[in-house]
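One is the number of the first residue; the rest follow in order along the sequence. Heavy atoms only: backbone and side chains are in, while hydrogens, waters and symmetry mates are out.
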Amino acid sequence: MKRVRLIVAYDGTNYHGWQIQDNGNTIEAELNRALSDLFEERIEVIGASRTDAGVHAMGNVAVFDTESPMKTSKISYALNQRLPEDIRIQKSEEVPADWHPRRCESRKTYEYRIYRGEFPMPVKRLYSHFTYHALNVDKMREAAAYLEGKHDFRSFCQMGAQVVDGMRANTVRTIYLALVEEQGADVVIRICGSGFLYNMVRIIVGTLLEVGQGKREPESMIEVLEAGDRSAAGPTAPANGLTLMRYEFL
(Lines give C-alpha, C1' and ligand atoms only; values in the text may rest on other atoms or scores of the structure.)
Protein backbone atom coordinates (compact mmCIF):
# COMPACT_ATOMS: atom_id res chain seq x y z
CA MET A 1 0.00 0.00 0.00
CA LYS A 2 1.30 3.46 -0.85
CA ARG A 3 -0.09 6.98 -0.43
CA VAL A 4 -0.06 9.29 -3.45
CA ARG A 5 -0.38 13.07 -3.44
CA LEU A 6 -1.98 14.85 -6.38
CA ILE A 7 -1.76 18.50 -7.36
CA VAL A 8 -5.15 19.21 -8.92
CA ALA A 9 -6.13 22.09 -11.22
CA TYR A 10 -9.70 22.64 -12.30
CA ASP A 11 -12.25 25.01 -13.76
CA GLY A 12 -15.01 24.92 -11.15
CA THR A 13 -17.71 26.41 -13.38
CA ASN A 14 -19.62 23.18 -14.01
CA TYR A 15 -19.18 21.63 -10.55
CA HIS A 16 -20.96 21.85 -7.22
CA GLY A 17 -17.67 22.41 -5.45
CA TRP A 18 -15.04 19.93 -4.33
CA GLN A 19 -16.88 17.78 -1.82
CA ILE A 20 -19.27 15.02 -2.95
CA GLN A 21 -22.87 16.26 -3.03
CA ASP A 22 -26.22 14.56 -3.53
CA ASN A 23 -27.48 17.27 -5.87
CA GLY A 24 -24.70 17.56 -8.45
CA ASN A 25 -21.32 16.52 -9.76
CA THR A 26 -18.15 17.52 -7.90
CA ILE A 27 -14.39 17.48 -8.33
CA GLU A 28 -14.00 14.83 -5.64
CA ALA A 29 -16.55 12.57 -7.32
CA GLU A 30 -14.75 12.82 -10.68
CA LEU A 31 -11.38 12.00 -9.08
CA ASN A 32 -12.82 9.00 -7.22
CA ARG A 33 -14.44 7.71 -10.41
CA ALA A 34 -11.32 8.09 -12.55
CA LEU A 35 -8.97 6.61 -9.95
CA SER A 36 -11.23 3.64 -9.22
CA ASP A 37 -11.49 2.98 -12.95
CA LEU A 38 -7.73 3.29 -13.46
CA PHE A 39 -6.71 0.96 -10.63
CA GLU A 40 -9.78 -1.30 -10.60
CA GLU A 41 -10.17 -0.82 -6.85
CA ARG A 42 -12.37 1.44 -4.73
CA ILE A 43 -10.51 4.70 -4.12
CA GLU A 44 -11.64 7.80 -2.24
CA VAL A 45 -9.44 10.86 -2.17
CA ILE A 46 -8.82 13.16 0.79
CA GLY A 47 -8.80 16.80 -0.30
CA ALA A 48 -6.86 19.63 1.29
CA SER A 49 -9.41 22.35 0.50
CA ARG A 50 -13.14 21.87 -0.07
CA THR A 51 -13.68 24.71 -2.52
CA ASP A 52 -17.23 25.97 -3.11
CA ALA A 53 -19.34 25.64 -6.24
CA GLY A 54 -17.93 27.74 -9.07
CA VAL A 55 -14.52 28.27 -7.44
CA HIS A 56 -11.44 27.36 -9.50
CA ALA A 57 -8.05 25.94 -8.54
CA MET A 58 -4.56 25.81 -9.96
CA GLY A 59 -3.07 23.94 -7.04
CA ASN A 60 -5.48 22.09 -4.79
CA VAL A 61 -4.11 18.95 -3.15
CA ALA A 62 -5.53 15.47 -2.66
CA VAL A 63 -4.15 12.14 -1.45
CA PHE A 64 -5.27 8.54 -1.85
CA ASP A 65 -4.04 5.04 -1.03
CA THR A 66 -3.54 2.29 -3.57
CA GLU A 67 -2.08 -1.19 -3.96
CA SER A 68 -1.15 -0.45 -7.58
CA PRO A 69 2.49 -0.99 -8.63
CA MET A 70 2.20 1.80 -11.25
CA LYS A 71 5.10 4.23 -11.05
CA THR A 72 3.81 7.17 -9.02
CA SER A 73 5.06 9.88 -11.37
CA LYS A 74 3.11 8.25 -14.23
CA ILE A 75 -0.24 8.29 -12.44
CA SER A 76 -0.89 11.91 -13.45
CA TYR A 77 -0.57 11.00 -17.13
CA ALA A 78 -2.86 8.00 -16.89
CA LEU A 79 -5.40 9.84 -14.75
CA ASN A 80 -5.61 12.84 -17.08
CA GLN A 81 -6.72 10.54 -19.89
CA ARG A 82 -9.76 9.57 -17.79
CA LEU A 83 -10.74 12.96 -16.38
CA PRO A 84 -12.92 15.59 -18.08
CA GLU A 85 -10.92 18.35 -19.75
CA ASP A 86 -11.77 20.90 -17.05
CA ILE A 87 -9.87 18.84 -14.43
CA ARG A 88 -6.16 18.13 -14.81
CA ILE A 89 -3.57 16.60 -12.49
CA GLN A 90 -0.41 18.72 -12.47
CA LYS A 91 1.73 16.30 -10.48
CA SER A 92 1.59 12.91 -8.74
CA GLU A 93 4.10 11.85 -6.09
CA GLU A 94 4.41 9.37 -3.24
CA VAL A 95 4.23 10.68 0.35
CA PRO A 96 4.54 8.96 3.75
CA ALA A 97 1.63 6.65 4.61
CA ASP A 98 0.50 8.91 7.47
CA TRP A 99 0.70 12.21 5.56
CA HIS A 100 -2.62 14.07 5.61
CA PRO A 101 -3.16 17.41 3.79
CA ARG A 102 -5.36 18.87 6.55
CA ARG A 103 -3.22 17.76 9.49
CA CYS A 104 0.01 19.55 8.73
CA GLU A 105 1.04 23.18 8.83
CA SER A 106 0.54 24.92 5.52
CA ARG A 107 0.05 28.20 3.74
CA LYS A 108 -2.72 28.62 1.20
CA THR A 109 -2.91 31.38 -1.41
CA TYR A 110 -6.11 32.57 -3.10
CA GLU A 111 -6.58 35.14 -5.83
CA TYR A 112 -9.78 36.99 -6.60
CA ARG A 113 -10.05 38.75 -9.96
CA ILE A 114 -12.32 41.74 -10.65
CA TYR A 115 -12.87 43.07 -14.16
CA ARG A 116 -13.70 46.78 -14.48
CA GLY A 117 -15.43 48.08 -17.54
CA GLU A 118 -18.43 49.89 -18.97
CA PHE A 119 -19.79 46.53 -20.10
CA PRO A 120 -18.98 42.90 -19.20
CA MET A 121 -16.31 41.07 -21.23
CA PRO A 122 -17.72 37.66 -22.23
CA VAL A 123 -14.36 35.82 -22.22
CA LYS A 124 -13.76 36.92 -18.63
CA ARG A 125 -17.19 36.06 -17.25
CA LEU A 126 -16.25 32.63 -15.86
CA TYR A 127 -13.04 33.73 -14.11
CA SER A 128 -13.65 37.24 -12.83
CA HIS A 129 -16.33 39.35 -11.18
CA PHE A 130 -17.51 42.25 -13.32
CA THR A 131 -18.17 45.72 -11.94
CA TYR A 132 -18.94 48.97 -13.73
CA HIS A 133 -18.26 50.96 -10.54
CA ALA A 134 -15.08 53.00 -10.30
CA LEU A 135 -12.79 51.54 -7.63
CA ASN A 136 -10.28 53.40 -5.49
CA VAL A 137 -7.57 50.74 -5.53
CA ASP A 138 -5.29 52.66 -3.16
CA LYS A 139 -7.98 52.62 -0.47
CA MET A 140 -8.66 48.94 -1.10
CA ARG A 141 -4.94 48.27 -0.68
CA GLU A 142 -4.90 50.26 2.56
CA ALA A 143 -7.91 48.34 3.88
CA ALA A 144 -6.42 44.95 2.99
CA ALA A 145 -3.30 45.69 5.04
CA TYR A 146 -5.39 45.78 8.24
CA LEU A 147 -6.17 42.08 7.73
CA GLU A 148 -2.56 40.94 7.86
CA GLY A 149 -1.51 39.19 11.05
CA LYS A 150 -3.32 36.94 13.51
CA HIS A 151 -6.97 37.90 14.06
CA ASP A 152 -10.36 36.50 14.89
CA PHE A 153 -12.10 36.46 11.50
CA ARG A 154 -15.56 35.59 12.84
CA SER A 155 -17.00 38.64 11.02
CA PHE A 156 -15.70 37.23 7.74
CA CYS A 157 -17.28 33.80 8.13
CA GLN A 158 -20.66 32.79 6.75
CA MET A 159 -23.25 32.63 9.55
CA GLY A 160 -24.03 29.07 10.55
CA ALA A 161 -20.53 27.85 9.69
CA GLN A 162 -19.21 29.21 12.99
CA VAL A 163 -20.83 26.36 14.92
CA VAL A 164 -19.53 22.79 14.57
CA ASP A 165 -21.28 19.93 16.38
CA GLY A 166 -23.00 22.42 18.66
CA MET A 167 -19.68 24.06 19.62
CA ARG A 168 -18.38 27.47 18.54
CA ALA A 169 -15.64 26.95 15.99
CA ASN A 170 -12.17 28.45 16.31
CA THR A 171 -12.26 31.44 13.97
CA VAL A 172 -8.73 32.72 14.60
CA ARG A 173 -6.53 32.66 11.50
CA THR A 174 -3.23 34.21 10.40
CA ILE A 175 -3.04 36.20 7.18
CA TYR A 176 0.54 36.46 5.95
CA LEU A 177 -0.17 38.61 2.92
CA ALA A 178 -3.14 40.63 1.62
CA LEU A 179 -2.36 42.49 -1.59
CA VAL A 180 -4.49 44.46 -4.05
CA GLU A 181 -2.96 44.97 -7.50
CA GLU A 182 -4.05 46.54 -10.77
CA GLN A 183 -3.42 44.49 -13.91
CA GLY A 184 -4.82 46.57 -16.74
CA ALA A 185 -8.61 46.58 -16.43
CA ASP A 186 -8.41 43.89 -13.73
CA VAL A 187 -8.03 44.30 -9.99
CA VAL A 188 -6.45 41.24 -8.39
CA ILE A 189 -6.75 40.56 -4.66
CA ARG A 190 -4.19 38.03 -3.42
CA ILE A 191 -4.48 36.59 0.09
CA CYS A 192 -2.11 34.07 1.70
CA GLY A 193 -3.00 32.58 5.06
CA SER A 194 -2.67 29.68 7.46
CA GLY A 195 -6.23 28.67 6.67
CA PHE A 196 -9.58 30.13 5.75
CA LEU A 197 -13.10 29.99 7.13
CA TYR A 198 -16.18 29.22 5.04
CA ASN A 199 -16.59 31.99 2.44
CA MET A 200 -13.91 34.04 4.22
CA VAL A 201 -12.05 35.22 1.12
CA ARG A 202 -15.26 36.09 -0.74
CA ILE A 203 -16.55 38.11 2.23
CA ILE A 204 -13.22 39.92 2.48
CA VAL A 205 -13.47 40.76 -1.23
CA GLY A 206 -17.05 41.98 -0.85
CA THR A 207 -15.94 44.26 1.99
CA LEU A 208 -12.94 45.56 0.03
CA LEU A 209 -15.25 46.34 -2.88
CA GLU A 210 -17.32 48.52 -0.57
CA VAL A 211 -14.14 50.35 0.41
CA GLY A 212 -13.21 50.79 -3.25
CA GLN A 213 -16.65 52.20 -4.01
CA GLY A 214 -16.43 54.69 -1.14
CA LYS A 215 -19.13 53.02 0.93
CA ARG A 216 -16.78 52.53 3.89
CA GLU A 217 -13.34 53.79 4.92
CA PRO A 218 -10.21 51.58 4.94
CA GLU A 219 -9.85 51.82 8.73
CA SER A 220 -13.35 50.36 9.15
CA MET A 221 -11.70 46.96 8.70
CA ILE A 222 -10.52 47.28 12.30
CA GLU A 223 -14.11 47.72 13.49
CA VAL A 224 -15.28 44.77 11.39
CA LEU A 225 -12.66 42.50 12.92
CA GLU A 226 -13.49 43.67 16.44
CA ALA A 227 -17.24 43.24 15.94
CA GLY A 228 -17.09 39.45 15.63
CA ASP A 229 -20.37 39.65 13.71
CA ARG A 230 -20.99 38.68 10.07
CA SER A 231 -23.38 41.61 9.61
CA ALA A 232 -20.50 44.06 10.18
CA ALA A 233 -18.74 42.99 6.97
CA GLY A 234 -19.71 43.46 3.34
CA PRO A 235 -21.54 41.07 0.99
CA THR A 236 -20.15 37.73 -0.18
CA ALA A 237 -18.53 38.24 -3.59
CA PRO A 238 -19.53 35.79 -6.37
CA ALA A 239 -17.60 32.51 -6.61
CA ASN A 240 -16.47 32.80 -10.23
CA GLY A 241 -13.71 35.35 -9.51
CA LEU A 242 -11.97 33.12 -6.96
CA THR A 243 -9.07 30.74 -7.65
CA LEU A 244 -7.07 28.65 -5.20
CA MET A 245 -3.56 29.25 -6.50
CA ARG A 246 -1.32 27.02 -4.40
CA TYR A 247 -0.57 25.19 -1.18
CA GLU A 248 2.76 25.38 0.61
CA PHE A 249 3.37 22.68 3.21
CA LEU A 250 5.78 23.80 5.94
Under a 4.5 Å cut-off applied to non-hydrogen side-chain atoms, are F156 and R202 in contact?
-> no

Does the side chain of E41 come under 3.5 Å of the side chain of T66 through a donor N or O and an acceptor N or O?
-> yes

Short side-chain to backbone donor-acceptor contact, Y247 and A48, under 3.5 Å | yes

Got a sec, which residues hit side-chain hydrogen bond (donor to acceptor under 3.5 Å, both in side chains) with R107, two or more places apart in sequence or on another chain?
-> none

Taken in chain and number order and not counting sequence neighbours, the residues that satisfy salt bridge (charged side-chain N to carboxylate O under 4.0 Å, His left out) with E226 are none

Under 4.5 Å between any side-chain heavy atoms of F153 and T171, yes or no?
-> no

Smallest heavy-atom separation, A185 atom then Y115 atom, equals CB-CE1, 3.6 Å

Where P101 and V63 come nearest, the two heavy atoms and their spacing = CD-CG2, 3.7 Å

Compile the donor-acceptor pairs under 3.5 Å between side chains in residues 208-215 and protein atoms, sequence neighbours left out, one pair per line.
from, atom 1, to, atom 2, distance (Å)
E210, OE1, R216, NE, 2.9
E210, OE1, R216, NH2, 2.8
Q213, OE1, K215, NZ, 3.2

Taking the side chain as every heavy atom from C-beta outward, state whether N14 and N25 have any atom pair closer than 4.5 Å.
-> no

The remaining residues in the hydrophobic cluster of I89, counting side-chain heavy-atom contacts under 4.5 Å among Ile, Leu, Val, Met, Phe, Trp and Tyr, are V4, L6, V8, Y10, Y15, W18, I27, L31, L35, L38, F39, I43, V45, F64, M70, I75, L79, L83, I87

Excluding M58, membership of its hydrophobic cluster (Ile, Leu, Val, Met, Phe, Trp, Tyr; side-chain heavy atoms within less than 4.5 Å) reads M245

Flag side-chain contact, heavy atom, 4.5 Å: M140 against I189 = yes

Is R5 paired with E93 through a side-chain N to carboxylate O contact shorter than 4.0 Å?
-> yes

Under-4.0 Å salt bridge between R3 and D98 | no

Flag side-chain contact, heavy atom, 4.5 Å: E44 against R42 | yes

Hydrophobic clusters join Ile, Leu, Val, Met, Phe, Trp and Tyr when side-chain heavy atoms are under 4.5 Å apart, directly or via other members; which others share one with M1?
-> none

Which residue pairs pass the ring-ring contact (aromatic ring centres under 6.0 Å, His included) test when at least one of the two sits in residues 169-189, sequence neighbours left out?
-> none

If you round to the nearest 0.5 Å, how far is OG1 of T243 from NE2 of H56?
-> 5.0 Å

Which pairs pass ring-ring contact (aromatic ring centres under 6.0 Å, His included) with one or both residues in residues 77-109, sequence neighbours excluded?
-> W99-F249

Side chain R102, main chain G47, donor-acceptor under 3.5 Å | yes

Non-neighbouring partners of E148 that pass salt bridge (charged side-chain N to carboxylate O under 4.0 Å, His left out), sequence neighbours left out = none

Under 4.5 Å between any side-chain heavy atoms of L225 and S155, yes or no?
-> no

With no hydrogens and no angle check, is any side-chain donor or acceptor of H151 less than 3.5 Å from a backbone partner on V172?
-> no

Answer whether the closest heavy-atom distance between the side chains of E30 and P84 falls below 4.5 Å.
-> yes

For L244 and T109, work out which heavy atoms get closest and say how close.
-> CD1-O, 3.6 Å

Would you please name every residue forming a salt bridge (charged side-chain N to carboxylate O under 4.0 Å, His left out) with E182, sequence neighbours left out?
-> R116

Check I203 against G234 and note the closest heavy-atom contact, atom names and distance.
-> CG2-O, 3.9 Å

Each residue besides L179 in its hydrophobic cluster should be listed here, by chain and number; the cluster joins Ile, Leu, Val, Met, Phe, Trp and Tyr at side-chain heavy-atom distances under 4.5 Å.
-> L177

Assess the side chains of T236 and R230: does a donor N or O sit below 3.5 Å from an acceptor N or O?
-> yes

Dump the intermediate steps for side chain to side chain contact (heavy atoms under 4.5 Å, CB included) on M221 and T207, then the final yes or no.
-> CA-CA 8 Å; M221 300 299 271; T207 310; 3.6 Å; yes

Assess whether atom CG of N23 is packed by more than 12 heavy atoms of other residues, nucleotides or ligands within 6.0 Å.
-> yes

Can we say K139 and E142 salt-bridge, meaning some charged N sits less than 4.0 Å from an Asp/Glu carboxylate O?
-> no

Can you see which heavy atom on S49 is nearest to which on K108, and at what distance?
-> OG-NZ, 3.5 Å

In terms of side-chain geometry, is the basic nitrogen of R141 or E181 positioned less than 4.0 Å from the acidic oxygen of its partner?
-> no

Could you walk me through whether R190 and E111 pass salt bridge (Lys or Arg N to Asp or Glu O under 4.0 Å), step by step?
-> CA-CA 4 Å; R190 183 179 302 111; E111 281 189 2; 2.7 Å; yes

More than 12 heavy atoms of other groups within 6.0 Å of E40 CD = no

E28 side-chain N/O to I20 backbone N/O, donor-acceptor pair under 3.5 Å = yes

Is there a donor-acceptor pair closer than 3.5 Å between any side-chain N or O of H16 and the backbone N or O of A53?
-> no

State, with a plain yes or no, whether a side-chain heavy atom of T13 is found less than 4.5 Å away from one of N240.
-> no

Here the side chain to side chain donor-acceptor pair (under 3.5 Å) pairs for residues 117-131, sequence neighbours left out, are D11-Y127, K124-D186

Identify the heavy atoms of G59 and I7 that sit nearest to each other, and give their distance.
-> CA-CG2, 4.0 Å

Could you tell me whether the side chain of D37 and the main chain of R33 form a donor-acceptor pair under 3.5 Å?
-> no

